[in-house]
Engineer: 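Below is the structure I would like to discuss, written out as structure tokens.
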Amino acid sequence: MEPCGQDSRAYGCHQILESSELSFGPTGAKEIPTAFLESISLQTPSMTVATAAPPRLSLQCEAIGPDTTTIRSLDWDRSRFDIEFGLRNGTTYNAFLVRGERTALIDTSHLKFADTWLPLLEEQIDPLAIHHLIVSHTEPDHSGLIGHLLERNPEIEIVASKVAIQFLADQVHRPFRSRAVKSGEELDLGVNPSSGVQHRFEFLSAPNLHWPDTIFSFDHGTGILYTCDAFGLHYCGDDIFDVDPGAIAPDFRFYYDCLMGPNARSVLQALKRMDTLPPIRMIATGHGPLLRDHLGLWTGDYRDWSSQRSAGETYAAVCYLSQYGFCDRLSQAIARGIGKAEAQVQLVDLRATDAQELAALVGEASAVVVPTWPSKPDPELQQSIGTLLAALKPKQWVAAYDAYGGNDQPIDSVAAQLRSVGQKEAFEPLRIRQVPDGNDYQRCEEAGTDLGQLLTRARTIAAMKSLDGDLDKALGRLSGGLYIVTARQGERSSAMVASWVSQASFDPPGLSIAVAKDRAIEALMQVGDRFVLNVLRDDNHQELLRHFLKRFPPGADRFSGVSTLDGVSAGGPVLGDALAYLGCRVAQRMEGPDHWIIYAEVEEGTVADSEATTAVHHRKVGNHY
């Protein structure tokens, strides 16, 4: 197969290299408790122990435009990313090679691809012939091989934002040539002698999407906009482009909600800068397929979602310290939780935000959440901390979380400073006593949701009162059964009471559940996830109902003190006192104003007592549960 080099004229040249990681182990299936089998007379097929296949890593190299090639690193089996949200379809790390009179490489790849990505790059071009490396931002999944590239070409010029160059100096620990750029500045590669196309890059500052050092790069010669994380999605597949929007739309939305939604104001600013460019023919993202065939759909979604999230003046400022401890991921988890409650949120980097903007963001916020900072901060950071504390207002909600940076100011000391002028504590300090795991991120997300509900309380009450009285009472006559939905993924688990449940299909058997957007369990009910619907019995449901209706502190074990049968269903715990259970797999999600409508296929189920009946929930009004 002809390599995708400068002389390859036909688009579609495709090269795949396969490799695998060495570490993998068996997964075992737990036995079903004998007592439960006897109580429900359930006949279960014999269960076997399966050995997981090695995770797949592969590469794609393909021309995507005149003199422009992408090298995509396909991580087929990666299951976790950033704030520990699950990946259903793996991910990719996309880099790009653009050849004018001079040559530029845009981003690199993850360190795990060092043994295959660098040889493939060298098949396309001698690294010494690369004049510029454009660094969209310095997160390790895109910059992991910059040090290796500098070893091969110490004279390459790194083009990036000022903040990115500072971050990179701490990553590669060696001198390098650099050029700091910002919005409106350009890099002209000159005219490619074969195609006659002039490749002139214009840069757009895009801070907080989703790191403070991000820049977009627009090639006026091809109309391609390189955005790295923005407009991306964690989706690994053979298609280079967005040929099937239906297949990737759920992952596109999930990625936005997790990483871009907390910075909706920054998204809108970036879209305004994009509007000043000539027509954009393609958005070359850092993750997932490149956006070309349905470009208007994706940019329209970003504009609509971000406008909705930025409506109103009440917001929470979640502060963090870039590249310090686990600040980035923990702050994202808190921000995601706030957003689930339909509250506005703004992530604020204490290192990269200038003093005037920092004072405005903190002073105008209704709530301020801060990390523990180093016990001996450098002078610049100390000035930012002083600006933050001086900008606090007495009526704000405040909270603190551990950064787990290794030498932090004690969290109780930070929390005390936040409350120095009478501020109200939004939630108890979030203490991180080990390298954060799924439980810690869940606890942060749930604390954020609690804060978001505080900020939207008045709006929620007003909405309840606005419903017409007769209509309110009529809606209240809709009745439903009583159920407990449970879900577990690794160390994360959750549960909720549900009554808006209905059978939705015969073949395959399916049901629908309405899940409020601010429910913690919603994060465990994405497309492809499994859960359990526990049916409550009419003559014995009050104790379970009281337990699961109570308000749990962030990260609390919902199943403490409750009889559960683990290993019965793949989706989560089966309640020992349930009348029946249904093991389900999420097939589709539809978004409503304040609920997600989950359609799930039922994969298994049984009844413990064929004579008992389902508990029923009768309401009097329709404006709340």
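Scope of the values below: all heavy atoms of this structure, side chains included, with no hydrogens, waters or symmetry mates. Because the structure is predicted, anything quoted here is derived from the model rather than measured.
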Engineer: Tell me if a side-chain donor or acceptor on Lys517 pairs with a main-chain N or O of Val515 at a distance below 3.5 Å.
Structural biologist: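 No, Lys517 side chain to Val515 backbone: no donor-acceptor pair under 3.5 Å.
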Engineer: Between Arg443 and Glu428, is the closest basic N to carboxylate O distance under 4.0 Å?
Structural biologist: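 Arg443 and Glu428: not salt-bridged.
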Engineer: Could you walk me through whether Val616 and Leu482 pass side-chain contact (heavy atoms from CB on, under 4.5 Å), step by step?
Structural biologist: CA-CA 6 Å; Val616 179; Leu482 284 173; over 6 Å; no
Engineer: Measure the shortest side-chain to side-chain distance between Val497 and His617 over non-hydrogen atoms and say whether it is less than 4.5 angstrom.
Structural biologist: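 No. Closest side-chain heavy atoms not under 4.5 Å.
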Engineer: Quick one: does any side-chain atom of Asn263 pair with a main-chain N or O of Asn208 as donor and acceptor, under 3.5 Å?
Structural biologist: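 Looks like yes, one N/O pair under 3.5 Å.
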Engineer: I'd like to know if the side chain of Lys340 reaches the main chain of Arg519, judged simply by a donor and an acceptor atom lying under 3.5 Å from each other, with no hydrogens or angles considered.
Structural biologist: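 Such a contact is found between Lys340 side chain and Arg519 backbone.
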Engineer: So among Ile334, Asp402, Asn439, which one has a side-chain contact (heavy atoms from CB on, under 4.5 Å) with Cys444?
Structural biologist: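 Of the listed options, the one satisfying the test is Ile334.
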Engineer: Can you tell me if Gln396 uses its side chain to pair, donor with acceptor, with the backbone of Ala365 under 3.5 Å?
Structural biologist: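 A pair under 3.5 Å: yes.
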Engineer: Nearest 0.5 Å, what's the CZ-CG distance between Arg419 and Leu392?
Structural biologist: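 Reported value, rounded in 0.5 Å steps: 12.0 Å.
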Engineer: Which pair of heavy atoms, one from Asn534 and one from Pro573, lies closest together, and at what distance?
Structural biologist: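 Taking every non-hydrogen atom into account, ND2-O, 3.7 Å.
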Engineer: Do Asp440 and Tyr401 have a side chain donor and acceptor closer than 3.5 Å?
Structural biologist: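 Judged by distance alone, the side chains do not pair up.
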Engineer: For the pair Arg589 (side chain) and Met525 (backbone), establish whether a donor and an acceptor sit closer than 3.5 Å, ignoring hydrogens and angles.
Structural biologist: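 Between the backbone of Met525 and the side chain of Arg589 there is a qualifying donor-acceptor contact (under 3.5 Å).
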Engineer: Looking at CG of Asp437 and CD of Gln442, how far apart are the two atoms once the value is rounded to the nearest 0.5 Å?
Structural biologist: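 Between atom CG of Asp437 and atom CD of Gln442 there are 10.0 Å.
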Engineer: Residues in salt bridge (Lys or Arg N to Asp or Glu O under 4.0 Å) with Asp349, at least two apart?
Structural biologist: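 Salt bridge (Lys or Arg N to Asp or Glu O under 4.0 Å) list for Asp349, sorted by chain: empty.
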Engineer: Distance from Arg551 atom CZ to Asp450 atom CG, nearest 0.5 Å?
Structural biologist: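 One finds 4.5 Å between CZ of Arg551 and CG of Asp450.
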Engineer: Apply side-chain contact (heavy atoms from CB on, under 4.5 Å) to Asp301 and Arg253, showing your working.
Structural biologist: CA-CA 9 Å; Asp301 281 346; Arg253 175 59 190 266; over 6 Å; no
Engineer: Distance from Gln434 atom CD to Tyr404 atom OH, nearest 0.5 Å?
Structural biologist: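 Result: 7.0 Å between the selected atoms.
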Engineer: With a cut-off of 6.0 Å (strictly less than), are more than 12 heavy atoms of other residues, nucleotides or ligands near CD of Gln503?
Structural biologist: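 Enclosed: over 12 neighbouring heavy atoms sit under 6.0 Å from CD of Gln503.
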Engineer: Please give me the minimum heavy-atom distance between Leu330 and Ala403, naming the atom from each residue.
Structural biologist: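 That closest heavy-atom pairing would be CD1-O, 4.4 Å.
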Engineer: Using the side-chain contact (heavy atoms from CB on, under 4.5 Å) definition, which of the options Leu511, Thr606, Val574 pairs with Leu582?
Structural biologist: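 That would be Leu511.
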Engineer: For the CG atom of Asn89 and the CG atom of Asp251, what is their distance to the nearest 0.5 Å?
Structural biologist: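 Answer rounded to 0.5 Å: 4.5 Å.
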Engineer: If I compare all heavy atoms of Cys327 with all of Pro371, which pair ends up nearest, and what's the gap?
Structural biologist: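 What the structure gives for the nearest pair is SG-CB, 3.4 Å.
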Engineer: Measuring only between side-chain heavy atoms, which start at C-beta, is Asp412 closer than 4.5 Å to Pro429?
Structural biologist: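 Yes, close enough: below the 4.5 Å cut-off.
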Engineer: Output all residues satisfying ring-ring contact (aromatic ring centres under 6.0 Å, His included) with Trp298, sequence neighbours left out; order by chain, then residue number.
Structural biologist: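 Residues passing ring-ring contact (aromatic ring centres under 6.0 Å, His included) with Trp298: Phe252.
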Engineer: I need the minimum non-hydrogen distance between Ala400 and Val414, along with the two atoms involved.
Structural biologist: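 Nearest heavy atoms, Ala400 then Val414: CB-CG1, 4.2 Å.
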Engineer: Using atom types as modelled and distance alone, determine if a side-chain donor or acceptor of Ser331 lies under 3.5 Å from a backbone N or O of Asp328.
Structural biologist: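 Answer holds: yes.
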Engineer: Do Glu446 and Arg558 meet the salt-bridge criterion of a basic N to acidic O distance under 4.0 Å?
Structural biologist: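 The answer is yes: the pair qualifies as a salt bridge.
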Engineer: Quick one: does Asp529's side chain have a donor or acceptor within less than 3.5 Å of a partner on Gln526's backbone?
Structural biologist: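 It does hold such a pair.
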Engineer: Are Glu364 and Gln346 packed together at the side-chain level, in the sense that at least one heavy-atom pair is separated by less than 4.5 angstrom?
Structural biologist: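 In short, these two side chains do not touch, never coming nearer than 4.5 Å.
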Engineer: State, without any angle test, whether Ser375 and Asn407 hold a side-chain donor-acceptor pair at a distance under 3.5 Å.
Structural biologist: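 Judged by distance alone, the side chains do pair up.
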Engineer: Once rounded to the nearest 0.5 Å, what's the spacing between atom CD1 of Ile598 and atom CH2 of Trp500?
Structural biologist: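 Nearest 0.5 Å value for the CD1-CH2 distance: 13.5 Å.
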Engineer: Strictly distance-based, threshold 3.5 Å: is any side-chain N or O of Tyr256 a donor or acceptor partner for the main-chain N or O of Ser306?
Structural biologist: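 Between the backbone of Ser306 and the side chain of Tyr256 there is a qualifying donor-acceptor contact (under 3.5 Å).
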Engineer: Are Ser505 and Tyr599 close enough that a side-chain donor and a side-chain acceptor fall under 3.5 Å?
Structural biologist: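 Side-chain D/A pair, Ser505 to Tyr599: present.
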Engineer: Is the ring pair Phe559/Phe548 parallel, tilted or perpendicular, if the boundaries are 30 and 60 degrees?
Structural biologist: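 Judged by the thresholds at 30° and 60°, the geometry between Phe559 and Phe548 is perpendicular.
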Engineer: Tell me the closest heavy-atom pair linking Thr91 and Leu233, and the distance in Å.
Structural biologist: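 Closest heavy-atom pair between Thr91 and Leu233: OG1-O, 4.5 Å.
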Engineer: Let me see the working for Phe552 and His547 under ring pair (Phe, Tyr, Trp, His ring centres under 6.0 Å), right down to the final yes or no.
Structural biologist: CA-CA 10 Å; Phe552 291 93; His547 175 83; 5.6 Å; yes
Engineer: Can a side-chain donor-acceptor contact be found between Ser310 and Tyr315 if the only test is distance below 3.5 angstrom?
Structural biologist: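 Side-chain D/A pair, Tyr315 to Ser310: absent.
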Engineer: Looking at every non-hydrogen atom in both residues, tell me the closest pair between Arg488 and Ser493 and how far apart they are.
Structural biologist: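 Result for this residue pair: NE-CB, 3.7 Å.
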Engineer: Is there a donor-acceptor pair closer than 3.5 Å between any side-chain N or O of Ser384 and the backbone N or O of Arg351?
Structural biologist: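 It does not hold such a pair.
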